[in-house]
Amino acid sequence: ANVHAQAALDSKGLRAGIHQHNESAQQALDLLRPGLSLTSVEALRLSKPEKGKIQRLGAEGARLEASAESAHKALHSAKAHSKKAQAELDQLEESKDTSALADCLERAAEHGKLEERLADAEAQAALSEEQVQADLAALGLWTGDISALERLSLPAEETMRRFETDLAAADQRLADTKKEGSRIQQRLKDKEKALAELTHMRDLPSVKDLTSDRALRDKGWRSVRRVWLEGGDLDQDFMNHFSDSSDLAQAYETSVARADNTSDVLRDYADAVARAEAFRVEIQDQKERFNDIMAQRDALQEERTDLWNRWLKLWEPLGIEPLTPREMAVWVGRAGELRRKASDVRERRIAAKQLREDMGRMRSDVATALACIAVQAPEKISYAAVIELAKRTVQHHDRLRQNRLDLDLRIRAIEEEIENSTERKIESERNLKEWSADWARTISRLGFSEDARPDEVNDFILALDDIFVELEKAKEKQQRIDAM
């Protein structure tokens, strides 16, 4: 019983919903197209392909109308442009043949800006000449003019390099010799100082001293024997060694004591004596070496003086008292550069003269070419001015020719555009007519005439879709009632 009661209640609610959907659909239909019923509206239901075709036709119609309008405007614009271009062509001045004048300008262009080049060449020549004179004054060792300097036969670089090498070698040998002499002197001083320090507290005799003392003692003994035993004369040479002794006996005793003392010292201070002896030998050796070095130095100095005299003699024919080979190599380089600059000055003067001649010839040629096309150049016109006049004349007639050519091309292009626009207009009108027939057939089912706009038809279809949605909702509720 409860189930039946609930079903009856649900059925009542669904019928109310169906009625509401139908009422909503009918109201929308009355607004859309008065007099059309819900029963007859089903005939207006479109399939998706039919809707798609209407949308495509609508878009195509808009495109075809735009194309037709564009073709019409393009044709009108092209005709107006053709008329304007023809009027410009009729009013255009006739150009003259400027080929001869253009050839003159081309040759003038190859020369560049002759007036500027000439002024620059003359200024550079004057500046270079001033620099040559300044460099000549600063060269030194030379008092003649630049032309005489250019004629000088200067020593070859190889000769100066050889003298530089030989003098440098001689100076180096002298320096080495002096250095070796100083080193030997220093070593000699060191050894003498060492010997002085060693013998400062006590004299340290050498074996040679012992031999000498013993020889003197033996000499005294022979004098004693000669005087005492033989009654001979006193050996005065022996006595001279002992001036403090009063007689021969005291002198002989002193000689014996000296020899014994020397022997004792040699024995008691053997190590120190050996060192002192070594110092003495080395000191003597260093003295001998120093003397040899000084002799070498004198010989080297003489060779160096002879080499320098030959260097001076090399420059005598030029009347120049030379500096060192290295300095003279620099001097010769500067003199060579100066001679090159002097040659450059001459070349600049020649070039300036040639430029002036070229400029005069070109001015005459351009003036003649201008006269041939009825353009008179002032008699005293400058080169730059006549070239500028020629350029303006050529440009003017070039523009006239180009303008005429451009107008001819424009007119031909416009005529082609008129032809194309006419064809497009005809084709657009034909396509639009065919579209109108197809459009009329397609929308006639919906009750529209062929004049209906695509947006109007699309709005009608959208409104129908909303109505069919309401009807579908009512149908769905009726199916639920039938299923209870």
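The analysis underlying the following values was restricted to heavy atoms, covering all of them including side chains, and did not include hydrogens, waters or symmetry mates.
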Would you say the side chain of M328 lies within less than 4.5 Å of the side chain of I320, judging by non-hydrogen atoms?
yes
First locate atom CD of E416, then atom OG of S421, and finally report the distance between them rounded to the nearest 0.5 Å.
10.5 Å
Is it the case that Q26 and N22 place a side-chain donor and acceptor less than 3.5 Å from each other?
no
S128 side chain to Q124 backbone, donor-acceptor under 3.5 Å:
yes
If the test is salt bridge (Lys or Arg N to Asp or Glu O under 4.0 Å), which one of R349, K341, R346 qualifies with E129?
R349
Are R289 and E180 within salt-bridge range, i.e. N to O under 4.0 Å?
yes
Between D344 and R340 (side chain of the first, backbone of the second, donor and acceptor by atom type, cut-off under 3.5 Å), is there such a pair?
no
Would you sort out whether S449 and D451 count as a side-chain hydrogen bond (donor to acceptor under 3.5 Å, both in side chains), showing the intermediate values?
CA-CA 5 Å; S449 67; D451 297 332; 4.6 Å; no
So does E429 pair up with K425, basic N to acidic O under 4.0 Å?
yes
Please answer whether the main-chain N or O of S47 pairs with a side-chain N or O of E50 as donor and acceptor at a distance below 3.5 Å.
yes
S70 (side chain) donor-acceptor with A66 (main chain) under 3.5 angstrom
no
Got a donor-acceptor contact below 3.5 angstrom from the T177 side chain to the R173 backbone?
yes
Just one of R304, R326, K178 clears the salt bridge (Lys or Arg N to Asp or Glu O under 4.0 Å) bar with D171, so which one?
R304
So, R401 and T98: side-chain donor and acceptor under 3.5 Å apart, yes or no?
yes
Checking D465 now: which residues fulfil salt bridge (charged side-chain N to carboxylate O under 4.0 Å, His left out) with it, not counting sequence neighbours?
K51
Under a plain distance cut-off of 3.5 Å, with no hydrogens placed, do T324 and E327 share a side-chain donor-acceptor pair?
yes
Let me see the working for H396 and E93 under side-chain contact (heavy atoms from CB on, under 4.5 Å), right down to the final yes or no.
CA-CA 10 Å; H396 172 68; E93 176 189 351; 3.4 Å; yes
State whether a side-chain donor-acceptor pair under 3.5 Å links S37 with S40.
yes
Under a 4.0 Å threshold between the charged nitrogen and the carboxylate oxygen, would E415 count as salt-bridged to R412?
no
For residues 421-474, which residue pairs pass the ring pair (Phe, Tyr, Trp, His ring centres under 6.0 Å) check, not counting sequence neighbours?
W435-W439, F448-F460
Under the side-chain hydrogen bond (donor to acceptor under 3.5 Å, both in side chains) rule, what do D398 and Q402 come out as? Steps first, then yes or no, please.
CA-CA 6 Å; D398 284 348; Q402 187 61 47; over 6 Å; no
